[in-house]
Amino acid sequence: MAISGLFQKKQQAVLGLDVSSTSVKLLELSRSGAGFRVESYSVRPLPPGAVVEKNIAEQEAVAEAIRRVVQQSKTKLKHAAVAVAGSAVITKIIEMPAGLDDDAMDGQIRMEADQYIPYPIDEVALDFEVLGPSPNRNDQVDVLLAACRSENVDTRKDVLEDAGLIPAIVDVEAYAMERAFSLILPQLGGGEDSTVAIVDIGATMTTLNVLHGGKIIYTREQLFGGKQLTEEIQRRYGLSSEEAGLAKKQGGLPDDYESEVLQPFKDAVVQQITRSLQFFFSSSEYNEVDYIVLAGGVASMDGLSDLVQEKLGTPATVANPFANMSVASRINAVDLSNDAPALMIATGLALRSFD
């Protein structure tokens, strides 16, 4: 069994569906000249505990949220692409004999899987892609192997089917982010060989992806996100989780909120980014990045990118994969712009329509 269509070319247009710890995000793209057009998009919150640390815990609750988000978006597409977390996937570049067809290569990889994968082969979903001739031996090719526990793939397939969709592709979040970054790179003004850190700050998890030449060279996840700000608002002002979440977005909190709650949280974000980059520098040949791109729900926080740029001395910007896209008339362009930083993975998945 394969990680569905991870490396295969697409068969039909697909919806990009990003299932995070707090929400489901849907995106449909179409071709528009040399670029793309946003045809449908919708975001819907998930009940607390439905997804825990990237794992679907309550399948029916997630399926219901997907049904609602499809309904809200008014999309006509039924095929969908979802992703598993990068931390759940093992990737390795291995050498295989040149000249093997896909079936023969698949058979040989499975026979030798225990060399590469620390799980029994019957518990693993895997896929592979031939990268090209091996630089070491003329009779070998380099093959990118991706594998994860079958249950991670099966759960996502099942929840799509429960929601009335057809699971076409199960991708990896890091690869989806890499694909979406191709839309961001021209906005940065640097060369194609730039080294860029994308910091995806969600509700509970912050993921650092470092790309060089448009390809991911480093990924690290850590438990930190916007939920910590929500919880501090709850604690300080005696609000419920729902009230705190609304107040965080809509305002109306006491005068001391900016200085006593929001600014310390922004400082904590900068500290987390600094720490993540230090881990990257200490484990690689790099000692700087050319740009920092902020993604995820926290990224659009007013003044955050300026603060990151000021404290780290590196140009920082907020991700907007739709900056050069046209938008269907039925879509609220202001809402789309506000949600844009949180839609990077959904964008990368929707781009699978054009492989």
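- Taking CZ of Phe36 as the reference point, atom CZ of Arg31 lies at 4.0 Å (rounded to 0.5 Å).
- Taking the six-membered ring where the residue is Trp, the centroids of Tyr218 and Tyr286 are separated by 6.0 Å or more.
- For the pair Gln108 and Pro97, the minimum side-chain heavy-atom distance is below 4.5 Å.
- Closest heavy-atom contact between Val159 and Ala63: CG2-N, 3.5 Å.
- A distance-only check finds no donor-acceptor pair linking the side chain of Gln228 to the backbone of Ala268 [under 3.5 Å].
- Under the 4.5 Å side-chain heavy-atom criterion for Ile, Leu, Val, Met, Phe, Trp and Tyr, Val293 and Leu208 are members of distinct hydrophobic clusters.
- Remark: the backbone N or O of Ser30 is not paired with any side-chain donor or acceptor of Glu39 at under 3.5 angstrom.
- Salt bridge Asp339/Lys25: absent, no basic N to carboxylate O contact under 4.0 Å.
- Using a 4.5 Å heavy-atom threshold, the side chains of Ile233 and Tyr257 count as touching.
- Side-chain contact check for Leu349 versus Leu17: every heavy-atom pair is 4.5 Å or farther apart.
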What verdict does the salt bridge (charged side-chain N to carboxylate O under 4.0 Å, His left out) test give for Glu60 and Arg67, after you've listed the backbone C-alpha separation in whole Å, the side-chain angles of each residue and the deciding distance to 0.1 Å?
CA-CA 10 Å; Glu60 178 49 42; Arg67 282 191 287 269; 2.5 Å; yes
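- Environment of CD in Glu243: crowded, with over 12 heavy atoms of neighbouring residues, nucleotides or ligands closer than 6.0 Å.
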Show the numbers, then the answer: is there a side-chain hydrogen bond (donor to acceptor under 3.5 Å, both in side chains) between Ser40 and Arg330?
CA-CA 8 Å; Ser40 305; Arg330 67 184 178 191; 2.6 Å; yes
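- Within the 4.5 Å cutoff, the side chain of Thr219 has no heavy atoms near those of the Glu173 side chain.
- Paired with Tyr291 under the rule side chain to side chain contact (heavy atoms under 4.5 Å, CB included), one option of Thr317, Leu211, Val196 passes, and it is Val196.
- When all heavy atoms are compared, the tightest approach of Ala65 to Leu46 is CB-CD2, 3.5 Å.
- Looking at heavy atoms from C-beta onward, Thr207 lies in side-chain contact with Lys54 at the 4.5 angstrom threshold.
- Taking every heavy atom of both residues into account, Ala244 and Thr230 meet most closely at CB-O, 3.6 Å.
- Hydrophobic clustering, with ILVMFWY side chains joined whenever heavy atoms are under 4.5 angstrom apart, groups Ile217 together with Leu277.
- Transitive grouping of hydrophobic side chains (ILVMFWY, heavy atoms separated by less than 4.5 Å) brings Leu26 and Ile56 into a common cluster.
- Looking only at side-chain heavy atoms (C-beta outward), Met301 and Leu294 stay at 4.5 Å or farther from each other.
- The shortest heavy-atom contact between Thr22 and Ala203 is CG2-CB, 3.3 Å.
- More than 12 heavy atoms of other residues, nucleotides or ligands shown are found within 6.0 angstrom of CG on Asp122.
- Contact record, Val141 with Ala98: CG1-CB, 3.9 Å, taken as the closest heavy-atom pair.
- Side-chain atoms of Ser134 never come within 3.5 Å of backbone atoms of Asp142 as a donor-acceptor pair (strictly under, hydrogens ignored).
- Counting only heavy atoms from C-beta outward, the side chains of Val153 and Pro167 never approach each other to under 4.5 Å.
- Two rings, from Phe224 and Phe265, have their centers less than 6.0 Å apart.
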Could you check Asp256 against Tyr237 for side-chain hydrogen bond (donor to acceptor under 3.5 Å, both in side chains), going step by step and ending with a plain yes or no?
CA-CA 11 Å; Asp256 67 350; Tyr237 303 115; 2.7 Å; yes
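- Atom CG of Leu29 is separated from atom CG of Leu77 by 10.0 Å, given to the nearest 0.5 angstrom.
- The CE atom of Met177 lies 7.5 Å from the CD1 atom of Ile216; values are rounded to the nearest 0.5 Å.
- Salt bridge absent: Glu231 and Arg235 never bring a charged side-chain N and a carboxylate O closer than 4.0 Å.
- Cation-pi check for Arg220 over Phe280 is not met; the charged atom does not lie both under 6.0 angstrom from the ring centroid and within 45 degrees of its normal.
- Looking at Lys248, Lys266, Gln234 one by one, the single match for side chain to side chain contact (heavy atoms under 4.5 Å, CB included) with Leu229 turns out to be Lys248.
- A search for ring pair (Phe, Tyr, Trp, His ring centres under 6.0 Å) contacts involving His79 returns nothing, not counting sequence neighbours.
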Is there a side-chain hydrogen bond (donor to acceptor under 3.5 Å, both in side chains) between Gln263 and Asp267 once you walk through the steps?
CA-CA 6 Å; Gln263 190 57 47; Asp267 292 338; 3.2 Å; yes
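- Sparse packing is recorded around CG of Asn138, with 12 or fewer heavy atoms of other residues, nucleotides or ligands lying under 6.0 Å away.
- Using modelled atom types, one side-chain atom of Ser182 and one backbone atom of Arg179 make a donor-acceptor pair closer than 3.5 Å.
- For Glu232 and Arg236, the salt-bridge test passes: some basic side-chain N is under 4.0 Å from an acidic carboxylate O.
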Just do the side-chain contact (heavy atoms from CB on, under 4.5 Å) check on Leu188 and Phe181 with the steps written out, would you?
CA-CA 11 Å; Leu188 300 180; Phe181 175 71; 4.1 Å; yes
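- Annotation: Glu95, atom CD; neighbour count of heavy atoms from other residues, nucleotides and ligands within 6.0 Å is above 12.
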Yes or no on side-chain contact (heavy atoms from CB on, under 4.5 Å) for Leu27 and Phe322, after CA distance, side-chain angles and deciding distance?
CA-CA 11 Å; Leu27 184 70; Phe322 314 118; 3.7 Å; yes
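- Under a hydrophobic clustering in which Ile, Leu, Val, Met, Phe, Trp and Tyr are joined whenever their side-chain heavy atoms come within less than 4.5 Å, directly or via other members, Val51 and Leu160 fall into the same cluster.
- No donor-acceptor pair under 3.5 Å is formed between the side chain of Thr195 and the backbone N or O of His212.
- Atom CG of Leu246 is separated from atom OG of Ser241 by 9.5 Å, given to the nearest 0.5 angstrom.
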Hey, mind stepping through Ser276 and Gln222 against side-chain hydrogen bond (donor to acceptor under 3.5 Å, both in side chains) and telling me if it holds?
CA-CA 8 Å; Ser276 292; Gln222 61 193 60; 2.6 Å; yes
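- Ala316 approaches Val308 most closely through the heavy-atom pair CB-CG1, 4.1 Å.
- Under a 3.5 Å cut-off, the side chain of Arg156 and the backbone N or O of Ala83 do form a donor-acceptor pair.
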Could you go through the side-chain contact (heavy atoms from CB on, under 4.5 Å) check for Leu183 and Leu351 one step at a time?
CA-CA 10 Å; Leu183 303 172; Leu351 286 172; 4.0 Å; yes
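- Atoms CG and CG, from Leu336 and Asn320 in turn, are 7.5 Å apart once rounded to the nearest 0.5 Å.
- By the neighbour-count criterion of 12 heavy atoms within 6.0 Å, atom CG of Asp255 is sparsely surrounded, having that number or fewer from other residues, nucleotides or ligands.
- Between Leu126 and Ile121, some side-chain heavy-atom pair lies under the 4.5 Å cut-off.
- Following chains of ILVMFWY side-chain contacts shorter than 4.5 Å, one cannot reach Leu312 starting from Val318, and the two form parts of different hydrophobic clusters.
- Proximity of a side-chain donor or acceptor of Ser337 to a complementary backbone N or O of Ala333 within less than 3.5 Å is not detected.
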